[in-house]
Number of protein chains: 2
Amino acid sequence: MDMASFGADEWIEAAYRRFNEDGLAAVRVEAVARDLGASKGSFYWHFADRAELVAAVMAKWEQIETDFVIDLVERAGTPEERLAVLYDVIVDRMRQRGGERTLYVTAAGEGVDAVVGRVTERRVAYVAALLEAAGFDADEARRRGATVVAAVIGFQQLAAGGWRAGPRVETGELTASILRMSLTPAGR
Amino acid sequence: MDMASFGADEWIEAAYRRFNEDGLAAVRVEAVARDLGASKGSFYWHFADRAELVAAVMAKWEQIETDFVIDLVERAGTPEERLAVLYDVIVDRMRQRGGERTLYVTAAGEGVDAVVGRVTERRVAYVAALLEAAGFDADEARRRGATVVAAVIGFQQLAAGGWRAGPRVETGELTASILRMSLTPAGR
DNA sequence: CTCTTTCCATACGGTGGCGTATGGAAGACT
DNA sequence: AGTCTTCCATACGCCACCGTATGGAAAGAG
């Protein structure tokens, strides 16, 4: 046991950092090895193949994101206050979560769509629960919850493509706007 | 001039088909050549490199999508009726437009973010114009227009990841829901 | 009929990714 | 001390993709 040796955890950690920066496509065996100052020989001693590393990274990601939602659930406050907190969270994490931008598209090809689907479902369920607490019936709350999540991800996509909201409208306002819309009852 | 020869247009057409199926990543020189029954030698006579083909494909895409929006603009009807038409259009094209799913993420890397940004802007502007005609002020209409476009793209992303709306909520309802929400004024 | 231009196929070199083979260093065990 | 297990580096083979080099067929010009 060398003290400077690389356990599987170090590999997963380094790979997770790469995922967080540039998505699953960036978690390449040689690249992660370079980050770690290790070599492929080490990697293939700890892992069967790249897919195993990717699966571990996604497991870590699921854990982190699930804990995050649980934290959100356990907060107190009215639904409106909680949506305000959600706004801060979204805007705050929008910048750093670069890896998630590409995740939805690559998920199927990497065989991790089950994990992604579960995390998505938890997010949708969380927002839906908030909206249900705010007075919407279950089905409408779920539709709106899905819409909020979709819109946030869509904003990321539009920004990743060349689009900018423009001088009159800031990006943060868009998130605020969808949250406001989600709370406005339909009827007249 | 052989009658069975391949002009640049044939290459662009075949490449566009690939883009439409599986995104820009699928427009590979050898693959398109195989589709056409041609070889790389032919390709590199008509094009300087792959980027030139990709640019041509995106130009074609921009043309098609822009014409589409113009068609939409020229239709008559109340804003509500026009949004209903937009709904049909979105749901109808959601299935076939597989290539656009990956476009926003790959745009920067392929150097086509300018085109993508322009098309996005036209779509946002179209929906914003509808909403402004429905009584919203310009800024609010723009925010909501962007939200509608983002939500639709977000739904595609969520579906591409493993997520399904669930047994109680259909995918089509989500599109209907965001359009309805976009038309509901904020005040009480 | 010959020569030139146009168009294209085959073959090659280069890069970057994954996974494997092999040897070796360093501790653990006896 | 000698051996065995653990961990890792270097080197290799393989494949997919891009772009280039080269030779050649087919059609038009004269």
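Chain naming here is simple, since letters A, B, ... match the order of the sequence lines and numbering starts at 1 in each.
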Report yes if some heavy atom in the side chain of A:Met58 is under 4.5 Å from a heavy atom in the side chain of A:Val116; otherwise report no. yes
Please give me every residue in residues 42-56 of chain A whose heavy atoms get under 4.0 Å of an atom in DNA chain C, ordered by residue number. A:Tyr44, A:Asp49, A:Arg50
Is any NZ, NE, NH1 or NH2 atom of the basic residue among A:Glu173 and B:Arg144 found under 4.0 Å from an Asp or Glu carboxylate oxygen of the other? no
A:Ala108 and B:Ala160 have their tightest heavy-atom pair at CB-O, 4.4 Å
Can you tell whether the side chains of A:Glu170 and B:Arg143 come within less than 4.0 Å, N to carboxylate O? no
Just by distance, with hydrogens left out, do B:Arg122 and B:Thr66 show a side-chain donor and acceptor under 3.5 Å apart? yes
Where along residues 14-37 of chain A does a heavy atom fall under 4.0 Å from DNA chain C? A:Arg28, A:Val29, A:Glu30
Hey, is B:Arg93 close enough to B:Glu65 for a salt bridge, meaning N to O under 4.0 Å? yes
If you measure from the Lys or Arg side-chain nitrogens to the Asp or Glu carboxylate oxygens, is any gap between B:Asp35 and B:Arg17 under 4.0 Å? no
Hydrophobic cluster membership, with links at side-chain heavy-atom distances under 4.5 Å among I/L/V/M/F/W/Y: are A:Val105 and B:Val149 in one? no
Compare all side-chain heavy atoms of B:Val89 with those of B:Phe68 and state whether any distance is below 4.5 angstrom. yes
Answer yes or no for A:Arg142 and A:Phe136: cation-pi contact, defined as NZ/CZ to six-membered ring centre under 6.0 Å and angle to ring axis within 45°. no
Table of protein N/O atoms under 3.5 Å from nucleotides 13-15 of chain C N/O atoms:
none

